[in-house]
Amino acid sequence: MMDIDAIELADERAKVVVSPRQGAAILRYDALRSDGMFTPVIKPSEGLLKFGSQLLAPWSNRISGGGFEFEKRFHAIEPNVEGEPFPLHGDAFQKPWRLARRTGSEAEFVLSDGAIGPYRYHASVLYALEDGALSATLTVENRAAIRLPYGLGFHPWFRRNARTSLQASANGVWLEDERHLPTRMAPLTDHPDWDFSKRAPLPDTWVNNAFEGWDGRASIVQPDDAMVISIEASPSLSVFVLYSPARDADFFCFEPVSHRVDAHHIGGLRTLEPRESITSRMRLRWHEL
């Protein structure tokens, strides 16, 4: 279909703007409040996809060591993001996708030429609005001639202010080194500022960690917007990555993903045979306080 910069979807309670050219990323997701005003659910993009929500495939986060060994063969992968020493988040977010079909409240996008390192894959994502809630269903099929380990994820950015709080249960948190690579998993009792089993404010200091044993449910309370945002993820997304650089940052990321950071070296990916596929889903809902 034609090359389009942005696709807008809408229903009676929300509107969404997606950019096929920018990795089929969500540029905006705005809630239509009872007073007739629109309020952003995620932090809107500014310029070249500075914020919004990106798709992560064929893996999430970093791969150390210049690549990875799988079934006695080393696969080299070059860094793909300027300023990052390691390949990051695959290439799905960096490529143009094709609009395959759409209605007023749904659109499906396709990436037929996913290719980074040894990976060759086909991907599709279906975005759908229903009663103001946004669902994203991401499917990736291994088109390489060999078995390979895959992972998926979603990377939404949210607005942050002094009263923002988060609820998300987990079994433990991976600590990171100065290269943002995992060192060991620690119990949340050792890091009470990162325990969100009950609703809690975001930490005042740097956080960029993967939390394991997530039940796929989270909520973000934004008192300044009089809004609660609920996140629901499919069982395959049992890890979330929480990122925010400081208390005065105006954003944070809550990323539902299928595996820990640097999983190519420490485990947690799904091996796909040629032509085998995996699917993951994220749903964002909101309601007014």
Side-chain angles (χ1 to χ4, degrees), residues 4 6-11 13-31 40-45 49 51-61 89-112 114 121-141 150-158 168 214-220 229-241 243 252-259 270 277-286:
I4 302 171
I7 300 293
E8 182 171 310
L9 308 175
D11 69 3
R13 298 191 65 222
K15 64 181 179 181
V16 172
V17 179
V18 180
S19 173
R21 289 185 182 179
Q22 298 184 77
I26 301 168
L27 302 184
R28 299 189 67 95
Y29 171 29
D30 297 332
V41 179
I42 62 176
K43 188 166 178 60
S45 68
L49 203 63
F51 298 110
S53 182
Q54 295 103 314
L55 300 172
L56 307 180
W59 78 85
S60 159
N61 222 285
H89 291 325
D91 67 333
F93 77 102
Q94 295 177 311
K95 292 197 166 185
W97 292 49
R98 175 176 59 86
L99 174 63
R101 61 183 177 89
R102 68 171 294 191
T103 66
S105 60
E106 292 188 3
E108 182 179 17
F109 303 89
V110 171
L111 174 64
S112 57
Y121 66 95
H122 178 279
S124 65
V125 63
L126 174 65
Y127 292 118
L129 274 175
E130 183 179 1
D131 193 28
L134 174 64
S135 64
T137 305
L138 176 63
T139 299
V140 171
E141 180 184 299
Y150 277 76
L152 300 179
F154 299 93
H155 196 313
W157 304 67
F158 296 95
W214 181 43
D215 63 3
R217 300 291 182 269
S219 65
I220 298 164
I229 303 161
S230 299
I231 302 168
E232 302 168 2
S234 54
S236 58
L237 304 178
S238 60
V239 177
F240 70 83
V241 175
Y243 168 61
F252 74 101
C253 300
F254 184 95
E255 308 162 37
V257 297
S258 63
H259 58 87
R270 164 89 178 271
S277 63
I278 51 173
T279 298
S280 293
R281 182 173 182 263
M282 175 185 72
R283 186 169 185 252
L284 301 176
R285 294 185 297 115
W286 62 272

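A donor-acceptor pair is defined here as one N or O able to donate and one able to accept, closer than 3.5 Å; such a pair exists between the side chain of Y127 and the backbone of A24. S234 places a side-chain N or O within 3.5 Å of a backbone atom of R281 that can act as its donor or acceptor partner. Counting only distance, with no hydrogens or angles, the side chain of H259 and the backbone of S60 share a donor-acceptor pair below 3.5 Å. Side-chain atoms of H89 come within 3.5 Å of backbone atoms of N61 as a donor-acceptor pair (strictly under, hydrogens ignored).
Shortest non-hydrogen contact noted between L129 and A14 is CD1-O, 3.7 Å. In terms of heavy atoms, A133 sits closest to Y29 at CA-OH, 3.6 Å. When all heavy atoms of P58 and Y121 are compared, the pair lying nearest together is CD-CE2, 3.6 Å. P96 and L111 make their closest contact through O-CD1, 3.7 Å (heavy atoms, listed as atom of the first residue, atom of the second, distance). Among all heavy-atom pairs drawn from W214 and A218, the shortest one is CZ2-CB, 4.1 Å.
Contact check for M282 versus S135: no side-chain heavy atoms found under the 4.5 Å cut-off. Counting only heavy atoms from C-beta outward, the side chains of T279 and T137 approach each other to under 4.5 Å. Within the 4.5 Å cutoff, side-chain heavy atoms of P256 are placed close to those of P156. Inter-residue side-chain proximity for T139 and I278 is flagged as unmet; no heavy-atom pair is nearer than 4.5 Å. Residues Q54 and F154 fail the side-chain proximity criterion, which asks for heavy atoms closer than 4.5 Å.
A salt bridge does not link E108 with R102: none of the charged nitrogens is closer than 4.0 Å to a carboxylate oxygen. Salt bridge annotation for D30-R28: present, with a cationic side-chain nitrogen under 4.0 angstrom from a carboxylate oxygen.
In summary, of the residues considered (V16, L284, L9), a side chain to side chain contact (heavy atoms under 4.5 Å, CB included) with I26 occurs for V16 alone.
Atom CG of D91 sits about 11.5 Å away from atom CG of L56, to the nearest 0.5 Å. Note that CD of E255 and CG of L237 are 12.0 Å apart. Values are rounded to the nearest 0.5 Å. A distance of 9.5 Å separates CG of L152 from CZ of R270, quoted to the nearest 0.5 Å. With rounding to the nearest 0.5 angstrom, the CH2 atom of W157 is 12.0 Å from the CZ atom of F252. Within the model, atoms OG of S112 and NZ of K95 stand 9.0 Å from one another, a figure rounded to the nearest 0.5 Å. Atoms CZ and CG, from F93 and L55 in turn, are 10.5 Å apart once rounded to the nearest 0.5 Å.
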Should E106 and L126 be marked as a side-chain contact (heavy atoms from CB on, under 4.5 Å) after you check the CA-CA gap, both sets of side-chain angles, and the distance that decides it? CA-CA 7 Å; E106 292 188 3; L126 174 65; 4.2 Å; yes
Start with the C-alpha gap between F109 and I7, add the side-chain angles, then the distance that decides, and say whether side-chain contact (heavy atoms from CB on, under 4.5 Å) holds. CA-CA 11 Å; F109 303 89; I7 300 293; 4.1 Å; yes
side-chain contact (heavy atoms from CB on, under 4.5 Å) between E8 and L27, worked out: CA-CA 10 Å; E8 182 171 310; L27 302 184; over 6 Å; no
Between E130 and S105, is a side-chain contact (heavy atoms from CB on, under 4.5 Å) present by the stated rule, with each step listed? CA-CA 8 Å; E130 183 179 1; S105 60; over 6 Å; no
Worked check of side chain to side chain donor-acceptor pair (under 3.5 Å) between S280 and S236: CA-CA 6 Å; S280 293; S236 58; 2.8 Å; yes
From CA spacing to verdict: ring pair (Phe, Tyr, Trp, His ring centres under 6.0 Å), F240, F254: CA-CA 7 Å; F240 70 83; F254 184 95; 4.6 Å; yes
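K43 forms a cation-pi arrangement with F51, by the criterion of a distance under 6.0 Å to the ring centre and an angle within 45° of the ring axis.
For the 3.5 Å distance criterion, the side chains of W97 and Q22 fail to qualify, holding no donor opposite an acceptor.
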